[in-house]
Amino acid sequence: MAKYSRPRDRLGPTYSRKRAITACQVCRFRKTKCDNARPTCGFCRKTGVQCIFEAAETDHSTFDSASLAILDRLSELSSQITQVGRLVTNPSSPRSQKSYSPEAIDIISFVADELSEQKILEWPVFSRSHSITPVIDSLLVTDNCSSVNDGYTGDIPTTELWSLVDQFLLNVHIKNPILDIQRLHGAAATVIRDGFGFDPDSCLLLYVCALGAVSTAYIYPQVNLGRNSLGAGYNNIKNSMRYFRAASNRLSIVPKFSLLEIQCYVLSGIYHMFTMHPLLAWRQFNIASVSCQIYFKRESRETLADEKSRGIEQRLFWTVLKSECEIRTYIPAPSSGIVDFEYPSMFPCPPSIHDTESTQNSTDAYFPLRSSVEAAVERKSWYYYLTEIALRKIENSVINVLYRDTNESWATMPFPVLVEIITEFEAQLGMCHRGIVDEISFDLDTLYEHDELIAHLQARFWEIYKFLYRPVLYCAIHNAVEVNYPEHLSFVGTALTKLFRYSSQTCGSPYYRHHGTWFVLRSIFSNSLIVLAGLKVGKLAYDNSVRENFTNALKELQYWQDEVPDLKEIISLLEGLWTEVRMGLGQGALLL
């Protein structure tokens, strides 16, 4: 493999490894004043970074300069997030009876039922005459049966082991870097020599193989690869299931409440998301969350964990937390309690640097080459992961502030207060977007599908903006804000333009199977309802682009309908609403 040629660090010069100053290594690397508080300085305590002073054995800074630049942005974001909560606890506001904890505003501590598509269908604009099967009811039917049966009961072969590990690293690990790759390669080498055993490392490796088998490389442009998702992915799913079942059979022997057990449950949950079983995924993430909390309460953990283990710990914690929050955004499932857990690190540490012999002061030292995962890919993965956590914090804040009460409460809130809240969140999203490093940067208003990680980040931004502007549409439809608040006419127009723009385009790879595909499908459904509501009341003009985008949305849902049974009901509902809207616009009853 050709040696990766590192580019010049754009965020600052190379810093020497030894300096005769008393600042901690992080503050030295940032070139900022350190308050020298021991054992943890003020900045490191605020951001959750491991604080290392000159007396420590290692002389490596915990973060590379690009990561520190991101952390500076994220730290500023975190300090601003609580400001929005104060807006909704103003004594003059009718919503002041509701208590929003400033300290926990970026964590979803309640069932976010008001985000559901059924709540949009209950808007007066739809005459409250439409409904769908509750999502949990439909998922219980799906998760108690399987669309594919591998029918395999023999030994698990090792012939494709290395390729499956590489596929896992390239397609799954880059989004959730929760494994020690060096240890993973060591376990794979042992299995190649001895075969799969009935031991904890084999259990983890089998989950890795299952995800490697079910995942595929990201392809651009996204196209319909077959008549439906099962036709295109049947062999991959069938092959992956034998690894998954073999792993599940070994899960009971993995040490309880250990890092390894948490990793196994997280990978199991990710696998269920790949195969469109989000309720089963939530159960696995829930178990991982409980085990995570117990693990971190162990008094012996502080002395047992080395620096590499601490990095794995932190990334596991944040992966578990954001996975639970993500599912609970769409499914009214109870929390494991992890949202209330006081974890000391505000953001996780990057991949360990201990596996490289290089002592050069470069970004590459923090992202060493790992098998087929090149340094540039691993670095981009880390920046994506940090940014995704920041976006999850902002999205949780939006949900906490705007969706704790009923949708109807938006109409009773003074509209200037709503404008102020949304403006504050817009500023946070803008700051987060500007803080993205070059490797994963993109233009927010131009659909970007060339790179998987960037496409996912753009989809996350769009989803948060849609949550943010949905109350504006409700008020514009049901509260005549243009008449009652003419001074905010420009704001309403801009907000609705962005809402309809982001709702009219599918972002997030609708024909590509990945961890978040089920979420993309729910987003397509809610997007379609928003577009229909806008058309119904004349807030969105009907034209060929609207018609084409709606047609594409239905095709994307139809592609997955054999794996997600409630999609058939959803498609039928959307087709009926589309006919109603077209007839109301004088377009006739012809569907699409």
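What you are looking at is a predicted structure, and each value in this text was computed from that prediction instead of being measured.
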Hey, does the side chain of [X] reach the backbone of [Y] with a donor-acceptor pair shorter than 3.5 angstrom?
X: Ser291; Y: Phe257; answer: no
X: Trp462; Y: Leu444; answer: yes
X: Ser441; Y: Asp438; answer: yes

Using side-chain heavy atoms (C-beta onward) and a distance below 4.5 Å, is [X] in contact with [Y]?
X: Leu259; Y: Leu316; answer: yes
X: Gln284; Y: Val266; answer: no
X: Lys322; Y: Tyr385; answer: yes
X: Ser215; Y: Phe168; answer: no
X: Ser289; Y: Phe341; answer: no
X: Leu169; Y: Leu179; answer: no
X: Glu388; Y: Lys175; answer: no
X: Phe285; Y: Ile270; answer: yes

State the [atom1]-[atom2] distance between [X] and [Y], to the nearest 0.5 angstrom.
X: Leu468; Y: Ile399; atom1: CG; atom2: CD1; result: 11.0 Å
X: Ile178; Y: Ile312; atom1: CD1; atom2: CD1; result: 8.0 Å
X: Cys209; Y: Leu164; atom1: SG; atom2: CG; result: 5.0 Å
X: Leu429; Y: Phe425; atom1: CG; atom2: CZ; result: 8.5 Å
X: Glu452; Y: His514; atom1: CD; atom2: NE2; result: 7.0 Å
X: Met273; Y: Leu211; atom1: CE; atom2: CG; result: 12.0 Å

Sequence neighbours excluded, which residues qualify as ring-ring contact (aromatic ring centres under 6.0 Å, His included) partners of [X]?
X: Tyr384; result: none
X: Phe442; result: His433, Phe461
X: Tyr207; result: Phe244

Partners of [X] by side-chain hydrogen bond (donor to acceptor under 3.5 Å, both in side chains), sequence neighbours excluded?
X: Lys466; result: Glu463, Ser523, Asn527
X: Arg513; result: Glu563
X: Tyr465; result: none
X: Asp201; result: Arg183

If I compare all heavy atoms of [X] with all of [Y], which pair ends up nearest, and what's the gap?
X: Ala213; Y: Asn236; answer: O-CB, 3.4 Å
X: Asp451; Y: Ile454; answer: OD1-N, 3.1 Å
X: Arg470; Y: Tyr403; answer: CB-OH, 3.4 Å
X: Gly337; Y: Glu324; answer: N-OE2, 4.5 Å

Over 60° means perpendicular and under 30° means parallel, so tell me whether [X] and [Y] are parallel, tilted or perpendicular.
X: Phe317; Y: Phe296; result: perpendicular
X: His277; Y: His272; result: perpendicular
X: Tyr330; Y: Phe467; result: tilted

Electrostatic pair Arg460:Glu395 at N-O distance under 4.0 angstrom: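 Here Arg460 pairs with Glu395 in a salt bridge, since their nearest N and O are under 4.0 Å apart.
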Using the test side chain to side chain contact (heavy atoms under 4.5 Å, CB included), find all partners of [X] that sit at least two apart in sequence or belong to another chain.
X: Arg283; answer: Leu280, Ile287
X: Val254; answer: Pro200, Cys203, Leu251, Ser258, Leu260, Glu261, Cys264
X: Ser504; answer: Val531, Asn549

Step by step, work out the side chain to side chain contact (heavy atoms under 4.5 Å, CB included) result for Leu205 and Val165. CA-CA 8 Å; Leu205 190 57; Val165 169; 4.0 Å; yes
I'd like to know whether Tyr559 forms a ring pair (Phe, Tyr, Trp, His ring centres under 6.0 Å) with Tyr511, so could you lay out the CA-CA distance, the side-chain angles of the two residues, the decisive distance to 0.1 Å, and finally the verdict. CA-CA 8 Å; Tyr559 180 78; Tyr511 294 113; 5.0 Å; yes
Full working for side chain to side chain contact (heavy atoms under 4.5 Å, CB included) between Tyr265 and Val320: CA-CA 10 Å; Tyr265 276 113; Val320 168; over 6 Å; no
Residues forming a salt bridge (charged side-chain N to carboxylate O under 4.0 Å, His left out) with Asp445, sequence neighbours excluded: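 Here the qualifying residues are Arg501.
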Return the set of residues passing salt bridge (charged side-chain N to carboxylate O under 4.0 Å, His left out) with Glu160 (not counting sequence neighbours), or none when no residue passes.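 Here the qualifying residues are Arg242.
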Checking side chain to side chain contact (heavy atoms under 4.5 Å, CB included) for the pair Cys432/Thr387: CA distance, chi angles, key distance, verdict? CA-CA 8 Å; Cys432 186; Thr387 306; 4.3 Å; yes
Ring centre gap for Tyr512 and Tyr218 strictly below 6.0 Å: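 Ring-ring flag for Tyr512/Tyr218: true, centres closer than 6.0 Å.
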Stepwise side chain to side chain contact (heavy atoms under 4.5 Å, CB included) test for Trp282 and Ile331: CA-CA 9 Å; Trp282 167 80; Ile331 299 176; 5.6 Å; no
